[in-house]
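Step one of this worksheet: look at the structure below.
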Amino acid sequence: MAGSGTLSAFRLPPLPTIREIIKLFRLQAAKQLSQNFLLDLRLTDKIVKKAGNLTDAYVYEVGPGPGGITRSILNANVAELLVVEKDSRFIPGLQMLSDAAPGKLRIVHGDVLTFKVERAFPESLKRQWEDDPPNVHIIGNLPFNVSTPLIVKWLENVSCRDGPFIYGRTQMMLTFQKEVAERLTANTGSKQRSRLSIMAQYLCNVQHIFTIPGQAFVPKPEVDVGVVHFTPLVQPRIEQPFKLVEKVVQNAFQFRRKYCYRGLGQKPHLSTLSLVP
Ligand code: SAM
């Protein structure tokens, strides 16, 4: 017999498909904004399922667009979903989802690069850094030109334990161009090992969970897409300020495929830092 938790699980009522929503609200993707939508709800369900157990979680979705991932998150029995979308054309479609999930979806028309999520969720969610991660999750499929600067900004937030990490070791599930996902997760000695690998891995446990072929998106991007999961580490692998690590790593990698001591030699006192996590 199903437990009471299962019986009380929230499900969205039947709704128009994402394709119909796109038609209804005239949401043709703006190519110059690199908008590529996921219409297959089995794929959006997979992204959300792999993000972890979202029961009673507070979730921050960045760039919801027509709302495919948004629907999957709402069906995961979350306490609250906050979405931040820059393009106003998507707001009415998201409002429709909010009406279908009363009290669960908060919509902000704004920019994820400046939005202050640290003020958005209840204080009671905060955990000590050493504790298990809080029940706060970040999920998003953003344009590639936004996801890379955003993860660099958030990695700095991890190192300072501020921004989304004011709640503790908030977990993130984000999409990147496959090549960037491979760089984020590349091991020492791998050809893809790069600045991003070190910056991400000295602060987080980073996993390339799966790859979504380009043809799953509408319109189809030039490249495949990697879905990457980040859990901040209790103990960073390098105990130095973020900006210093960034500078050393930048120098070390500026003569890629040559000898990294040429780059490090420019600032000899920095070369004492361990770059190999
Ligand atoms: N998440 C949806 C999906 O998977 O179908 C849409 C993906 S589309 C690649 C990226 C979305 O992020 C678009 O809706 C776009 O308007 C939004 N977006 C782009 N830059 C943004 C920013 N700086 N802040 C908030 N949303 C942004």
Side-chain angles (χ1 to χ4, degrees), residues 5 10 47-64 69-70 72-86 94 98 101 103-142 146-176 184 199-207 209 227-239 241-243 245-246:
F10 172 84
I47 294 174
V48 170
K49 191 164 170 228
K50 300 271 182 187
N53 179 4
L54 299 189
T55 305
D56 298 329
Y58 285 72
V59 182
Y60 174 33
E61 188 195 354
V62 288
I69 298 176
T70 318
S72 297
I73 298 171
L74 288 171
N75 278 332
N77 231 16
V78 298
E80 185 181 305
L81 169 59
L82 165 69
V83 297
V84 175
E85 172 57 59
K86 194 176 178 180
L94 293 167
S98 173
K104 285 206 179 274
L105 178 59
R106 205 160 20 129
I107 304 163
V108 173
H109 177 210
D111 188 328
V112 298
L113 291 165
T114 50
F115 182 74
K116 298 216 175 307
V117 70
E118 55 271 41
R119 299 197 196 135
F121 294 137
E123 288 268 318
S124 57
L125 292 169
K126 289 185 180 171
R127 293 283 168 274
Q128 293 294 321
W129 193 259
E130 297 71 21
D131 287 350
D132 285 343
N135 210 359
V136 178
H137 295 254
I138 298 176
I139 301 180
N141 171 35
L142 279 167
V146 179
S147 54
T148 306
L150 189 63
I151 193 62
V152 173
K153 175 175 142 74
W154 279 344
L155 288 169
E156 181 162 11
N157 289 143
V158 171
S159 80
C160 301
R161 304 182 185 181
D162 61 12
F165 309 96
I166 199 105
Y167 303 102
R169 295 184 298 119
T170 302
Q171 299 175 76
M172 303 178 272
M173 185 70 136
L174 299 167
T175 60
F176 298 88
L184 280 163
M199 296 311 291
Q201 294 169 33
Y202 99 82
L203 290 161
C204 294
N205 178 7
V206 194
Q207 283 183 293
I209 305 290
V227 182
V228 182
H229 190 264
F230 301 81
T231 309
L233 295 167
V234 171
Q235 195 72 37
R237 292 194 167 103
I238 305 170
E239 299 272 8
F242 185 87
K243 286 287 180 215
V245 180
E246 196 177 37

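Val84 has its side chain out of reach of Asp111: every pair of non-hydrogen atoms, C-beta onward, lies at least 4.5 Å apart. Put simply, the side chain of Ile151 does not reach to within 4.5 Å of the side chain of Val228, judged on heavy atoms. Looking only at side-chain heavy atoms (C-beta outward), Cys160 and Phe242 stay at 4.5 Å or farther from each other. The shortest side-chain heavy-atom distance between Leu105 and Ile73 does not fall under the 4.5 Å cut-off. Looking at Val227 and Met173, their side chains come closer than 4.5 Å, going by heavy atoms from C-beta outward. Contact of the Ile47 side chain with the Ser72 side chain is not registered, since no non-hydrogen atoms from C-beta on lie closer than 4.5 Å. With a 4.5 Å cut-off on side-chain heavy atoms, Tyr58 and Pro134 do not count as touching. Inter-residue side-chain proximity for Asn157 and Pro164 is flagged as met; some heavy-atom pair is nearer than 4.5 Å.
Interatomic distance, CG of Asn75 versus OG1 of Thr70, reported as 11.0 Å (0.5 Å rounding). Atom CG of Leu81 is separated from atom CD1 of Ile107 by 9.0 Å, given to the nearest 0.5 angstrom. Between the CG atom of Leu155 and the NZ atom of Lys153 there is a distance of 12.0 Å, given to the nearest 0.5 Å. Atom OG1 of residue Thr55 and atom CZ of residue Phe10 lie 14.0 Å apart, to the nearest 0.5 angstrom. In this structure, CD on Glu61 lies 14.0 Å from NE2 on His137, to the nearest 0.5 angstrom. Summarising the geometry, atom CG belonging to Asn135 is positioned 12.0 Å from atom CD belonging to Glu80; distances are rounded to the nearest 0.5 Å.
Of the possible donor and acceptor atoms, none in the side chain of Arg169 sits under 3.5 Å from a partner among the backbone N and O of Leu233. Gln201 places a side-chain N or O within donor-acceptor distance of the main-chain N or O of Leu184, the cut-off being under 3.5 Å. Listed for the Trp129 side chain is no donor-acceptor partner under 3.5 Å among the backbone atoms of Gln235.
When all heavy atoms are compared, the tightest approach of Pro232 to Thr170 is CD-O, 3.2 Å. When all heavy atoms are compared, the tightest approach of Val234 to Arg161 is O-NH2, 3.9 Å. The heavy-atom pair separating Val83 from Pro64 by the smallest distance is CB-CG, 3.6 Å. Between Trp154 and Leu174, the shortest heavy-atom contact is CZ3-CD1, 4.0 Å. Across all non-hydrogen atoms, the minimal contact from Val112 to Gly63 is CG1-N, 4.3 Å. Heavy atoms only, all atoms of each residue included: Ala57 and Val78 are closest at O-CB, 3.5 Å.
Under 4.0 Å is where a charged nitrogen must lie from a carboxylate oxygen, and between Glu246 and Lys243 at least one such pair does.
Ring geometry for Tyr60 against Phe115 counts as tilted: the plane angle lies between 30° and 60°, on a 0 to 90° scale. The aromatic rings of Tyr167 and Phe121 lie tilted to each other, with the angle between the two planes from 30° to 60°.
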- Message: Applying side-chain contact (heavy atoms from CB on, under 4.5 Å) to Arg127 and Asp132, what does each step give before you reach the verdict?
- Response: CA-CA 8 Å; Arg127 293 283 168 274; Asp132 285 343; over 6 Å; no
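Crowding of Lys126 atom NZ: a count of heavy atoms from other residues, nucleotides or ligands under 6.0 Å exceeding 12. Shown here is Gln128, whose CD atom has no more than 12 heavy atoms of other residues, nucleotides or ligands within 6.0 Å.
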